[in-house]
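Input: a single structure, listed below in structure tokens.
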Amino acid sequence: MASLRLQRLLTTSTRSPRHKPVSSATAIVTTAATAATTATSTASMATAAFPPTTTMARSLPLRLRLDLSAGSRRGCTSSSSAQMPSASSSSSSSSSSASSSSSSSSSSSAPKGGHPMAKRLAYMTSFAVVGLGTFYALSRDEGFRRAMMFNVDVLPIALHYKYVEVTTRKVSPEERSKAFGQLHARYAPTALDIVLRQKGFYVKCAQFLSQYSDALPAEYIEAFKILRDDAPAMPYAQVKQIVEQELGVPINEVFLQFEAKPVGAASIGQVHGAKFLDGSEAVVKVQYPGAERQFHIDTDLCVRLAKIIAPHYVDILQQMMKSFADEFDYRREARLQREAAERLRDVPGIVVPLPFDEKHPKCQELLRRGSTPAASLITKHVFVMERLRGISVDKWAAEQVQALAARQRCSPEEVLHRLRSMSQKEVEKLVPSDRAIRLYSLVLSARDAIRNTVAFTYNWTLGWIGSPIHYAYSAHPVNVHEVIGRLFRVQSRCIFVEGFFNADPHAGNILLLDDGRIGLIDWGQVSTLELAERGRFAQAVLAVADRDEPTIAKMAHEMGLRTENSDRWVAMKYSTFWLGSFGEDVCAELGGPTEFEQNLARIDPLISTGEKYFSAVRALMMTRGVAALMGFPFVDSARSMRSFAEDVALRHGLEVATTPGAKLPRPDVEMILGLPPRKEAATF
């Protein structure tokens with residue numbers, strides 16, 4: 001059975017021929033498993049059907065020959081008498097009865113299922129062949145090694161969760177929550193260790209999921225938050241070697257200064273600050289060696305595991321695989337980033353850094369001086385771009401939590417725990433209004449102006465005699481309302497107007513710049529929508545914004561969302577969750593955001609998310625994740641983008657009329673899921 005399971009594992013790959021996972025080493029193990037299984041079954045059948053003869057026995061070990069001889073003696077009388085020919089006229093009849101007697105005698109004399117020693121020898125051969133093949137594969141084939149590590153690390157955890165899920169279905173919600181809480185506390189640090197060890201796709205998934213305060217249990221979000229801006233990094237010596245090899249020149253011929261410590265590290269590469277010989281700044285992104293191969297190995301394994309423990313996530317994982325697969329060629333990313341910069345050049349308060357490609361004046365200058373052999377600093381594995389000075393939303397949010405913890409004299413973990421335990425209304429009360437933030441900024445500016453006027457007057461009069469007064473420049477608070485509004489406006493512009501948008505706008509890719517602008521970086525996952533597709537997406541956003549449930553279900557079907565039983569209410573809930581909000585009005589009746597999709601799949605399993613629109617849905621959800629880190633965990637992206645969606649729909653002559661608040665028949669969710677009786681959800 002072990003060899004059969006191994007054979008089945010190694011022969012079910014879904015990877016394309018370009019990234020074929022089964023190397024020669026893996027093939028050896030597969031062949032060994034097949035051969036061992038065949039040898040075992042063949043030996044058993046042969047021993048049962050044909051007892052060993054004296055000639056065969058001579059070639060066997062002494063102990064086995066003695067055992068077989070004893071067995072032969074026990075059945076020799078009937079066998080020999082049965083096979084002696086008769087000279088009488090009834091020889092035919094005698095032979096028939098003798099043959100029948102011989103069959104029964106032989107069957108009774110041979111052990112049932114084959115001789116024990118023959119079977120033991122076959123099993124030993126099987127284990128030896130499989131063991132040698134596995135050892136060879138582990139030492140030679142990275143893909144097989146990562147697969148084994150994945151199975152050893154992850155499957156026991158997954159099965160433990162599955163066991164608890166099954167055994168707690170009939171207990172109270174409090175007991176169920178307690179049981180899962182113990183699992184989360186036990187396995188969150190282990191999961192982080194696995195992610196750090198495996199890197200690649202695991203880091204990307206952890207970054208993506210850890211943005212949402214309710215998408216994962218609090219223990220996992222706390223463990224994974226370090227990955228959003230500080231993933232595992234490779235040493236500087238290796239970085240230097242890669243950069244020089246890719247650019248074709250020593251690093252000091254291009255850069256006056258190259259920071260050894262990375263500015264940030266992501267799932268497939270890391271970023272270093274640098275200065276050109278003339279002092280102008282840049283950042284250099286360097287891809288990890290083998291990142292692309294590891295990605296394809298890991299995504300296949302994740303999909304296989306999802307098919308076992310969470311089938312409703314299979315389609316989502318497959319769509320994510322397709323999106324992430326485009327990130328491994330930095331030349332493509334540079335082209336897309338330049339196009340994004342040109343498309344968004346006229347959007348107020350938004351900046352996209354330009355790549356140092358053949359169109360950049362700096363590269364032309366370096367080429368004229370002979371500092372580089374080509375008119376571009378972009379290769380497949382190295383990406384040099386302009387540097388933006390600021391702080392990522394991730395780091396800004398962490399600083400706010402630490403400042404709040406210092407004021408309340410508690411740990412950041414305690415602050416986060418309190419925030420997560422708050423209701424939607426309680427969270428909304430914590431965030432100051434847009435007017436209050438603007439007024440506070442005006443007060444700071446006025447105070448600085450008065451103080452600096454006094455300082456200027458003193459410094460140019462009495463200051464000639466005494467010590468001068470230093471000028472004051474207060475740090476103004478970030479107007480989170482303005483930032484979130486600007487992000488949704490630029491998303492609306494990209495999706496509805498340009499049909500060209502970043503499908504990976506996580507909090508580490510959004511920079512709050514020192515000059516008050518917003519920097520958008522990392523354009524490796526750009527997706528596009530045709531005009532008709534943009535119109536259909538706009539209609540879906542309008543329906544979700546107005547909570548027109550029949551129209552939401554209709555648009556979900558037109559966009560390719562499919563469930564097993566085609567339940568319209570389930571399709572409507574999926575679309576509202578993806579395009580609208582994580583708020584209580586959407587998620588509360590299905591156990592909250594953390595259990596929303598799992599419980600929905602128990603009502604009607606998801607088959608397809610709608611491949612063409614998946615990236616746009618993901619972009620909206622990630623933008624909501626950024627908003628959550630800035631104090632708006634329940635922001636509604638559909639309502640934030642409604643005016644833009646309506647404008648594009650009207651411009652292309654599409655139907656925009658909705659019936660706000662229209663309802664669909666609701667299944668008995670509480671009975672299906674075993675939840676407490678329903679309470680009417682408040683509308684926000």
Side-chain angles (χ1 to χ4, degrees), residues 239 242-259 263-264 266 268-287 325-390 490-491 493-495 497-505 509-511 513 515 517-529:
V239 171
I242 294 172
V243 172
E244 292 182 340
Q245 182 179 350
E246 291 287 319
L247 298 183
V249 293
I251 203 168
N252 57 8
E253 291 189 13
V254 180
F255 300 107
L256 176 66
Q257 179 183 342
F258 195 101
E259 298 174 9
V263 177
I268 68 169
Q270 60 193 56
V271 178
H272 292 259
K275 282 186 179 180
F276 288 109
L277 298 177
D278 62 359
S280 55
E281 293 187 310
V283 291
V284 184
K285 184 155 67 169
V286 185
Q287 190 174 131
D326 294 331
E327 286 196 82
F328 296 99
D329 190 344
Y330 285 163
R331 295 167 299 188
R332 175 184 178 276
E333 180 177 343
R335 290 194 298 271
L336 294 172
Q337 187 158 312
R338 175 167 286 280
E339 183 176 352
E342 292 171 353
R343 286 175 179 267
L344 301 178
R345 185 175 296 163
D346 61 339
V347 178
I350 297 294
V351 59
V352 178
L354 288 172
F356 286 101
D357 55 11
E358 60 278 355
K359 295 182 180 180
H360 201 287
K362 174 65 66 178
C363 289
Q364 300 295 334
E365 179 187 338
L366 291 171
L367 183 64
R368 284 195 302 270
R369 290 207 316 256
S371 299
T372 58
S376 175
L377 296 178
I378 311 295
T379 70
K380 183 176 181 181
H381 302 115
V382 171
F383 183 3
V384 185
M385 73 187 85
E386 296 175 340
R387 185 167 193 172
L388 301 179
R389 285 289 181 177
V490 74
Q491 280 284 20
R493 163 76 177 263
C494 289
I495 293 174
V497 179
E498 304 292 340
F500 175 98
F501 58 93
N502 187 354
D504 191 30
N509 290 339
I510 311 295
L511 303 182
L513 303 184
D515 60 8
R517 296 181 298 170
I518 297 175
L520 305 179
I521 62 173
D522 196 355
W523 289 78
Q525 292 188 45
V526 167
S527 294
T528 59
L529 290 176

Does [X] come within less than 4.0 Å of [Y], counting only side-chain N to carboxylate O?
X      : Y      : value
Lys362 : Glu386 : no
Arg343 : Glu339 : yes
Asp522 : Lys285 : yes
Asp515 : Arg517 : yes

**Study point:** Flag side-chain contact, heavy atom, 4.5 Å: Ile510 against Leu520
**Key:** yes
Point to revise | Sidechain-backbone polar pair: Gln337 side chain, Pro353 backbone, donor-acceptor under 3.5 Å | key: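 Pair found, side chain donor or acceptor close to backbone of Pro353.
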Point to revise | Closest non-hydrogen atom pair between Pro505 and Gln491, with its separation | key: CG-NE2, 3.5 Å
Practice item. Indicate whether any N or O donor in one side chain lies under 3.5 Å from an N or O acceptor in the other, for Gln270 and His272. Key: yes
Check your understanding: Does a side chain donor of either Lys275 or Ser280 reach within less than 3.5 Å of an acceptor in the other side chain?
Key -> no
Review point. Is the Tyr330 ring parallel, tilted or perpendicular to the Phe383 ring (thresholds 30°, 60°)?
Key: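 If you compare the ring of Tyr330 with that of Phe383, the planes turn out tilted.
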Check your understanding: Parallel under 30°, tilted from 30 to 60°, perpendicular over 60°: which one fits the rings of Phe258 and Phe255?
Key ->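 The rings of Phe258 and Phe255 stand perpendicular, inter-plane angle above 60°.
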Practice item. Could you give me the CA-CA distance, side-chain angles and deciding distance for Gln245 and His381, then say whether side-chain hydrogen bond (donor to acceptor under 3.5 Å, both in side chains) is met? Key: CA-CA 10 Å; Gln245 182 179 350; His381 302 115; over 6 Å; no
